[in-house]
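Quick note on labels: first sequence line is chain A, next is B, and so on, each numbered from 1. Given the structure is predicted, the values throughout are model-derived calculations rather than measurements.
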2 protein chains.
Amino acid sequence: MPTTSERPYHHGNLRTALLDAAERGLREHGVDQLALRDLAREIGVSHAAPRRHFADRQALLDALAETGFARLDAALRAALDSADDFPDRVRAAAVVYTRFATENAALLELMYTSKHRPGATRITEAAETTLGLLVEVIAQGQAEGALQAGDPEQVGIVLFATLQGIASIVNGNIVPPELLDGLVSTAVQQFLRGARP
Amino acid sequence: MPTTSERPYHHGNLRTALLDAAERGLREHGVDQLALRDLAREIGVSHAAPRRHFADRQALLDALAETGFARLDAALRAALDSADDFPDRVRAAAVVYTRFATENAALLELMYTSKHRPGATRITEAAETTLGLLVEVIAQGQAEGALQAGDPEQVGIVLFATLQGIASIVNGNIVPPELLDGLVSTAVQQFLRGARP
DNA sequence: ATCGAATGTTGTCATGAGCAACATAGTAGC
DNA sequence: GCTACTATGTTGCTCATGACAACATTCGAT
């Protein structure tokens, strides 16, 4: 623990401060504008200080992506836990996912592009975990007889893809944000119709 | 026409050469690695030459995105033209779109992120045109009675989103590319089931 | 043939990433 | 307490790039 309170001259938790500032910057100005040096300036440390916590810029971005998945996961789990009915679970997951994805557009993009590069296994794993949540929902739905039997992976991925796609085109301004709720609702409805026995 | 043969010293069509080189670079090394100076070097012009054709780096990226939409559009139209049956049209569009999207992953990302910034109206329009193709297919399907009535926009967007989402997660390595065809096929099947009268 | 518009070139600046050498602050062992 | 040792920050470089300005060359219309 820090000695007194304010700035122990070793800042205390630069890493966290960097991540916080980075997320704000990401949200407000986009990835491209995110400069390690800016963060350092904003926080009040020297331009090389971040390097002690993140090997390079990409490492910071990867860390952001990782926490992004963690938050998304938590939100999804919470939503799923408070819905018992199967269609309700699908709806809840859809709403929470698309909401997160549109409210954290830049972060989401990071989450889905940080992984291209080899070595970002933790991120890929995080993404798979999230996807796994949906697949589980599907599997339960099949077990309950609400869905036709079949590979829950396939079906879950398609559902996931639809949500991701909706978020993607809304974030891309191809479609106005006002349509979001309606689209999600249409998608869920069609999904339930298309996948029932 | 050039004076002799090789390099008219005014290169002839730097713009095209830049776009070509840029697309290769994009495909091979990603957007982040795409440097105007590299392109200039590769082509053999001075580092400031590109500026005559693209006001800044982003302008080049925007142009790339625009040609991307044009190519995608052409591919989609061709596919749609050679399919008469309604389900076939949906299948064809789905296959062509996802194929293009996965074979031009970096370009696609560009196409969907260049538009965030204000002023990229031409790109947004291009995206809307592409989306319009799908909406048309849906409208026709409804007219043929193959789909339940409803707002073709809503339905078309959802279909589009699903395809875009599938491409997105494949490109993001969240699911292996081998699954692509199966996913597309599942998605189309479910769509047709979910949206029929 | 001449003049103006396109198109390229050289040179410069500001900025940011990455690295290394050094400084300081906590911490563990004695 | 004192002395390493380690973690964390700082200063000061190098390098690459984007953006810009001033200048050069070529092309095309009159």
Side-chain angles (χ1 to χ4, degrees), chain A residues 1-22 24-26 28-65 106 110 113-114 117 119-120, chain B residues 1-22 24-26 28-65 106 110 113-114 117 119-120:
Chain A
M1 276 289 97
T3 44
T4 52
S5 63
E6 217 38 316
R7 222 187 91 200
Y9 215 82
H10 256 160
H11 189 290
N13 51 347
L14 221 203
R15 188 189 157 91
T16 306
L18 283 168
L19 286 175
D20 286 356
R24 256 206 326 284
L26 186 63
E28 294 171 11
H29 309 291
V31 212
D32 294 343
Q33 298 305 312
L34 202 65
L36 292 182
R37 275 160 126 103
D38 277 346
L39 299 179
R41 264 190 289 272
E42 183 182 333
I43 295 177
V45 293
S46 75
H47 64 87
R51 206 148 183 303
R52 293 287 172 208
H53 300 275
F54 302 99
D56 56 17
R57 194 183 110 108
Q58 189 55 50
L60 205 195
L61 298 184
D62 286 353
L64 274 181
L110 216 55
T113 53
S114 294
R117 126 194 58 283
Chain B
M1 273 294 95
T3 45
T4 51
S5 64
E6 217 37 320
R7 226 187 89 202
Y9 220 82
H10 255 164
H11 190 287
N13 52 348
L14 221 204
R15 187 188 158 91
T16 307
L18 282 168
L19 286 175
D20 286 355
R24 257 206 324 283
L26 186 63
E28 293 172 11
H29 310 292
V31 212
D32 294 344
Q33 298 305 312
L34 202 66
L36 291 182
R37 275 163 125 103
D38 276 346
L39 299 179
R41 264 190 289 273
E42 184 183 334
I43 295 176
V45 293
S46 75
H47 62 89
R51 208 152 180 305
R52 293 289 171 204
H53 301 275
F54 303 99
D56 56 17
R57 194 184 110 109
Q58 189 55 50
L60 206 194
L61 298 185
D62 286 353
L64 274 181
L110 217 55
T113 52
S114 295
R117 123 194 63 281

Nearest whole angstrom, please: distance from the P of C:dG16 to the CG of A:D56. 17 Å
Tell me the interatomic distance from B:D38, atom CG, to D:dC15, atom P, rounded to whole angstroms. 17 Å
A:H53 side-chain N/O to D:dG9 phosphate OP1/OP2 under 4.0 Å: yes
With a 4.0 Å limit, can you tell me whether B:R57 has a side-chain N or O closer than that to the phosphate oxygens OP1/OP2 of D:dA16? no
Sequence neighbours left out, what pairs pass salt bridge (charged side-chain N to carboxylate O under 4.0 Å, His left out) with at least one residue falling in residues 44-56 of chain B? none
B:R37 (side chain) and D:dA16 (base): donor-acceptor pair under 3.5 Å: no
Please report the shortest heavy-atom distance between A:P50 and A:L14, naming the atom on each side. N-CD1, 4.5 Å
Under a 3.5 Å distance rule, please check whether A:R37 uses its side chain to pair with a backbone N or O of A:S46 as donor and acceptor. no
For B:A35, which contact category applies under a 4.0 Å heavy-atom criterion: base, sugar-phosphate, or nothing? sugar-phosphate
Quickly work out the A:H47 NE2 to C:dT15 C1' distance and round it to whole Å. 12 Å
Restricting to non-hydrogen atoms, name the atom on B:F54 and the atom on B:A63 that form the minimum distance, rounded to 0.1 Å. CE2-CB, 3.7 Å
A:R51 vs C:dG18: side-chain N/O to OP1/OP2 distance below 4.0 Å: no
If each of A:A55 and B:S46 is mapped to the nucleotide of DNA chain C with the nearest heavy atom, which maps nearer the 5' terminus, i.e. the 5' end? B:S46
Can you tell me how far C1' of D:dA19 sits from CG of A:D32, to the nearest Å? 16 Å
